[in-house]
Amino acid sequence: MKSRGLFARLALVLGLVFLYVPILSMMVFSFNNSRLVTVWDAAHSPTLKWYAALLSNGQILGAAWLSIRIALISASGAVVLGTLAGMALARFGAFRGRLLLAGMTAAPIVMPEVITGLSLLLLFVATEQLIGWPKGVGAVTITLAHITFCMAYVTVVVQSRLAGFDESLEEAAMDLGARPLQVFLRITLPLILPAIGSGWLLAFTLSWDDLVITQFVAGPGSSTLPMVIFSKVRFGVTPDVNALATIMVLIVATGIAIATVWMRYQQRRRERDLQLAAAANLSEPLQS
Amino acid sequence: MARLTQAAGRRLVAGVPILWLLLLFLIPFIIVFRISFSEVRLAIPPYTPLISWRHGAPSLELYGSAYSFLFTDPLYISSYLYSLKVAAVSTLCCLCIGYPMAYAIARSGAASRPVLLMLVVLPFWTSFLLRVYAWIGLLKNTGVINNALMYLGVIHHPVALLQTDFAVYIGIVYSYLPFMILPLYANLEKHDMALLEAAADLGARPLRAFLRITLPQSFAGILAGSLLVFIPAVGEYIIPTLLGRTDQLMIGRVLSDEFFENRDWPVASAVAILILLLLVMPIMLFQRLERRQLEAVK
Amino acid sequence: MSAILKMNAPTTTAAADPASAYVRIANLTKKFGDFVALDNVSLDIRRGEIFCLLGGSGSGKTTLLRTLAGFESPTAGTIHIEGADMSAIPPYERPVNMMFQSYALFPHMNVEKSEMLDIVKMGGFGARKPHQLSGGQRQRVALARALVKRPKLLLLDEPLAALDKKLREHTQFELINIQQRLGVTFIVVTHDQEEAMTLGQRLGVMNHGRIAQVGSPCDIYESPATRFVADFIGSVNMFEGRVSEAEPDGVRIECGELACALRVQRAVSCTRGATVWTAIRPEKINISRQPPAQAAGADNAVRGTVREIAYMGDLSIYLVQIESGKVMRVTLPNTTRGAERPIARQESVWLSWHGSSAVVLTE
Ligand SMILES: Nc1ncnc2c1ncn2[C@@H]1O[C@H](COP(=O)(O)OP(=O)(O)OP(=O)(O)O)[C@@H](O)[C@H]1O
Ligand SMILES: [Mg+2]
């Protein structure tokens with residue numbers, strides 16, 4: 001028992017080292033003066049010059065701005081569609097088209113990205129021929145593609161959250177006189193709001209990060225940040241990408257730290273409430 | 001009346017996502033399927049139409065040339081097999097590294113568990129592309145690993161690490177490790193420690209108890225994690241392009257090259273169809289697992 | 001049991017005149033795919049009564065309530081409440097409220113103030129959220145919520161199932177109290193026959209989606225209509241036999257499982273030669289060392305050997321193996337403390353019963 005626990009714990013530590021060393025090395029070398037990226041120039045380091053270079057690189061900034069806009073719209077669109085799909089799957093029982101919807105929301109998650117990308121581009125080419133839309137590929141087609149593969153993830157998140165709640169909650173509201181729309185706004189929506197929130201974040205990250213599908217449906221004037229990074233690093237390492245990576249890691253880490261503190265706070269409140277309820281149980285008024 | 005509006009509301013809720021996915025997911029596939037049976041030609045678009053008009057009558061034009069091309073040119077077959085090999089080896093490595101990690105997390109204290117899980121998931125929230133890129137800096141001839149080994153005197157000339165199979169395995173394992181650990185953890189965490197104690201009580205040695213109780217019970221987790229790594233690894237594009245060999249391409253890269261470099265849309269489509277055929281079994285298996293899990297939640 | 005409550009139970013028979021039926025369920029059928037959850041159910045509920053639905057798991061009790069509330073639409077049949085057809089009325093417009101088995105309290109909302117909280121004695125808990133309440137408190141809040149809209153008909157799906165035994169017994173009487181104060185009609189689903197008999201002025205026993213019998217607790221216990229009902233409510237000794245004499249005031253039944261013939265002094269509609277089942281409740285059987293007055297070989301008396309005795313406090317259960325090999329169940333109240341020379345295991349005894357105690361069942 002002891003030795004096996006030790007082996008697993010050692011594997012855990014080594015595994016975490018494996019996960020974090022590349023990221024840390026990128027962060028360290030972002031402060032390196034040398035152009036040679038991986039050779040530490042002790043005399044002139046650390047330096048912020050790559051950060052300065054990054055912030056004056058119009059191409060990267062422009063691409064980042066485009067990526068942010070696409071990710072914002074895609075995540076929001078994916079949340080709307082994914083919530084609808086998740087509600088239908090979790091709440092409508094056996095309706096016509098259920099199997100179709102379940103299959104089509106599950107498939108994009110496991111589909112190789114090259115295939116999704118190829119098929120979407122071929123679709124846009126075909127519709128342009130048929131109805132004259134879209135006029136060439138670009139930010140619009142990228143957004144449509146991102147909404148499509150992101151909504152699948154949102155669907156899963158929303159559906160499993162709803163599965164954790166008894167459907168009788170909604171029925172009880174209806175029983176008390178709430179109409180379907182009111183039931184959705186006052187009961188269902190507040191319940192799945194956390195799932196919608198994490199679904200949105202997930203969708204934003206996936207859209208922000210996507211390269212393969214985007215490459216297929218992007219046009220000449222619409223390079224997203226991953227596309228710019230890819231074309232830079234494909235032919236060698238560049239130090240300003242290290243700086244960019246460092247900034248992105250710090251943003252994510254800050255966000256997650258805030259989320260963790262918030263969740264801890266919520267948890268502690270819940271525990272206090274439970275104690276309160278337990279105390280109430282003891283003083284249950286048995287005599288009336 | 002009210003009944004009717006309720007039914008209409010439901011139809012709207014289910015109908016909008018169905019319509020969206022039909023238009024942007026299913027129909028595109030049908031188009032890929034259909035183009036894979038065309039022939040390439042110099043035109044816009046660069047493939048033959050499905051129906052052509054000959055002497056005023058429509059005639060169906062179906063060609064199998066894209067497929068026969070795939071099976072005659074050894075390039076395709078070898079990249080097909082190579083992709084399978086890379087995906088299988090990487091999945092196995094992921095399992096060997098991920099299982100003990102998941103096990104250690106599941107057996108750690110209740111307070112440290114969420115922290116450890118977050119440490120595992122955190123890299124996933126940072127850019128996939130940048131994490132792969134980080135390995136270039138580590139693996140190349142003048143990279144951190146070679147420099148360190150030479151500094152320590154282990155080697156005297158840089159060892160070629162980048163653009164090898166090894167680099168691709170590392171990249172895939174590194175990128176997909178969380179997908180292996182999470183389902184394994186979810187499975188291992190549910191295990192009843194009382195079973196192990198009962199086994200120990202009956203005199204089973206720890207290793208035996210592990211092999212006979214824990215391992216078989218975690219089979220569903222192993223399968224889910226392995227599929228989550230294997231399926232995307234087969235079609236992986238970024239990792240082999242940045243870290244892999246230039247003399248042996250993976251199938252996802254072949255598809256992309258056929259499309260962008262050779263502008264042979266029918267062959268690219270045929271490659272896509274064949275990748276899907278290859279993955280149909282694992283994907284169906286995964287969806288069955290998934291469904292069972294969702295039902296268990298209920 | 002609760003004799004006081006039974007006193008004010010209406011004495012009219014089930015076939016009340018149509019105008020007095022507050023809820024009229026007619027030929028209601030509900031199918032889930034091929035599965036028939038409700039099979040041609042017809043039932044009248046009277047204004048202001050507590051009607052208890054009783055039945056095994058999966059017998060369709062919840063489905064019936066959900067159809068009444070409007071969550072399931074019937075495959076066939078109609079529901080009228082106060083003469084109004086409910087077919088086209090959605091749940092949020094029906095004059096019906098439901099207390100859910102799971103309570104279905106909204107986790108994100110406060111309990112909120114309302115006079116109904118006072119009625120369920122939870123006046124001070126308005127600001128709490130559901131997870132800050134104990135099980136008993138949640139049950140009260142769920143009841144208060146179901147009453148807030150002052151429904152004329154309240155459906156309660158196993159309202160007490162999640163409470164422990166003590167609290168449950170206490171709450172039963174509170175429910176009756178509230179029902180009488182507000183004058184609401186209650187339909188209560190329960191698994192627990194004792195609870196059904198305490199609460200219900202009338203009971204409906206369900207089996208496989210059908211109503212097996214409707215009647216007062218006393219009707220159902222003393223005159224079950226079918227073997228299922230006799231067996232489901234309380235325990236019973238059941239014998240298959242053949243009618244050998246049929247007279248207007250009683251029948252004689254030859255019964256291979258019993259060493260004696262059965263004479264039942266009750267009007268039974270059956271013909272000579274018909275196969276019937278005779279049910280005798282355990283508490284209606286005498287157990288003695290001496291042969292009863294009828295003597296050996298007479299009707300309604302058999303010899304047997306005591307195989308098992310279970311002391312339950314207020315009564316004792318005897319399992320007696322009769323000469324045919326069949327085991328009969330007999331209960332005897334422990335009326336005196338430390339009775340002299342009580343009957344012991346392996347003793348040979350006589351079992352006998354009065355001709356009016358047995359019930360003859362034809363289906
Ligand atoms: N939505 C549904 N789809 C399919 N079958 C259903 C559905 N709801 C109920 N059933 C089936 O109908 C039958 C009756 O169920 P119901 O819930 O009414 O039983 P019940 O008498 O309330 O049982 P219990 O005492 O266990 O609550 C069961 O066999 C159940 O499986
Ligand atoms: Mg039920």
Side-chain angles (χ1 to χ4, degrees), chain A residues 1 4-5 7-9 11-12 15-16 19 22-23 25-26 29 36-39 81 84-85 87-88 92 95 97 100-101 104-106 108 110 112-115 118-120 122-123 125-126 129 144 148 151 160 163-164 180 205 209 211-212 226 229-230 233-234 237 241 245 248-249 252 256, chain B residues 6 9-10 13-14 16-18 20-21 24-29 31-32 35 45 97 100-101 103-105 107 119 122-123 125-131 133-138 142-144 147 206 210 231-232 234-235 237-238 242 252 255-256 259 268 272 275-276 283 286-287 294 297-298:
Chain A
M1 204 76 206
R4 184 160 43 92
F7 168 71
R9 229 168 294 160
L12 180 61
L16 288 176
L19 282 177
I23 295 176
S25 97
M26 250 190 321
F29 281 103
L36 278 172
V37 184
T38 49
V39 181
L81 289 168
L84 292 180
M87 280 193 26
F92 289 3
F95 61 93
L100 186 69
L101 182 60
M104 288 195 306
T105 50
V110 283
E113 286 185 292
V114 275
I115 300 180
L118 173 73
S119 67
L120 280 165
L122 294 180
L123 171 80
V125 170
Q129 263 192 297
L144 289 176
T148 307
M151 76 170 275
S160 55
T205 312
D209 200 27
L211 170 67
V212 179
I229 297 173
F230 189 63
V233 303
R234 199 169 174 180
V237 191
V241 173
M248 281 168 59
V249 169
V252 169
I256 295 218
Chain B
Q6 196 185 341
R10 287 189 158 209
V13 168
V16 169
I18 288 182
W20 181 283
L21 287 168
L24 282 126
F25 187 76
L26 202 62
I27 291 182
F29 265 108
I31 296 176
V32 170
I35 291 181
I97 299 172
M101 288 178 75
Y103 187 91
I105 298 175
R107 293 284 166 273
L119 282 176
L122 195 71
W125 288 93
T126 67
S127 165
F128 181 89
L129 181 58
L130 288 175
R131 277 182 297 139
Y133 155 78
W135 280 99
I136 302 180
L138 293 175
T142 57
V144 173
N147 284 354
F210 173 78
I231 294 169
V234 168
Y237 170 82
I238 296 177
L242 289 184
L255 188 158
S256 160
F259 189 83
I275 297 178
L276 268 192
I283 287 178
F286 179 73
Q287 300 214 331
L294 208 66
V297 171
K298 281 189 177 173

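Since the model is a prediction, treat every value here as computed from it, not as a measurement.
With contacts defined as side-chain heavy-atom distances shorter than 4.5 Å, the pair B:V13/A:F92 qualifies.
Of the residues considered (B:G235, B:P28, B:A14), B:P28 shows the highest number of contacts with chain A, using heavy-atom pairs under 4.5 Å. Highest contact tally toward chain A, considering only B:L130, B:I231, B:I275, B:I283, is held by B:L130 [criterion: heavy-atom pairs under 4.5 Å]. Comparing A:T105, A:V249, A:V241 by heavy-atom pairs within less than 4.5 Å of chain B, the highest count is held by A:V241. Chosen from B:L129, B:V234, B:I35, the residue pairing most often with chain A at heavy-atom distances under 4.5 Å is B:L129. In terms of heavy-atom pairs under 4.5 Å with chain B, the best-connected choice from A:V125, A:L19, A:V212, A:L144 is A:L19. Interface remark: of the candidates A:S119, A:A88, A:A106, A:S119 forms the most heavy-atom pairs closer than 4.5 Å to chain B. Chain A forms the most heavy-atom pairs under 4.5 Å with one residue out of B:V16, B:L122, B:L26, B:I97, and that residue is B:L122. When each of B:T126, B:I31, B:L119, B:V32 is scored by its heavy-atom pairs under 4.5 Å with chain A, the top score falls to B:L119.
In this structure, chain B has a heavy atom under 4.5 Å from the side chain of A:T205, while its backbone stays farther away. Using a 4.5 Å cut-off between heavy atoms, A:P112 touches chain B through its side chain atoms alone. Looking at A:M26, only its side chain comes within 4.5 Å of chain B, counting heavy atoms on both sides. Both the backbone and the side chain of B:L24 come within less than 4.5 Å of a heavy atom of chain A. Heavy atoms of B:P232 lying under 4.5 Å from chain A are absent altogether. Contact of A:P180 with chain B is made through the side chain alone, with heavy-atom distances under 4.5 Å. Only the side chain of A:Q129 has a heavy atom closer than 4.5 Å to any heavy atom of chain B.
Interatomic distance, CZ of B:F210 versus CZ of A:F7, reported as 9.0 Å (0.5 Å rounding). Summarising the geometry, atom CD1 belonging to A:I229 is positioned 9.5 Å from atom OH belonging to B:Y133; distances are rounded to the nearest 0.5 Å. Interatomic distance, CG of A:L100 versus CG of B:L21, reported as 8.5 Å (0.5 Å rounding). A distance of 10.5 Å separates CG in A:L122 from CZ in B:F29, rounded to the nearest 0.5 Å. The structure places CG of A:L211 at 9.5 Å from CZ of B:F128, a figure rounded to the nearest 0.5 Å. Atom CZ in A:R9 sits 12.0 Å away from atom CZ in B:R107 (nearest 0.5 Å).
The nearest pair of heavy atoms linking A:L118 to B:A268 is CD2-O, 3.9 Å. What you find for B:A272 and A:I115 is that their closest heavy atoms are O-CD1, 3.6 Å. In plain terms, the two heavy atoms of B:P100 and A:A11 that are nearest each other are CB-CB, 3.5 Å. Across A:R234 and B:Y237, no two heavy atoms sit closer than the pair NH1-OH, 4.3 Å. Scanning both residues, A:L81 and B:P17, for their nearest heavy atoms gives O-CB, 3.9 Å. In plain terms, the two heavy atoms of B:P123 and A:I23 that are nearest each other are CB-CD1, 4.2 Å.
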Residues A:L12, B:Y103; criterion side chain to side chain contact (heavy atoms under 4.5 Å, CB included); working and verdict: CA-CA 9 Å; A:L12 180 61; B:Y103 187 91; over 6 Å; no
Where do A:M151 and B:W20 land on the side chain to side chain contact (heavy atoms under 4.5 Å, CB included) test, with the steps shown first? CA-CA 10 Å; A:M151 76 170 275; B:W20 181 283; 3.9 Å; yes
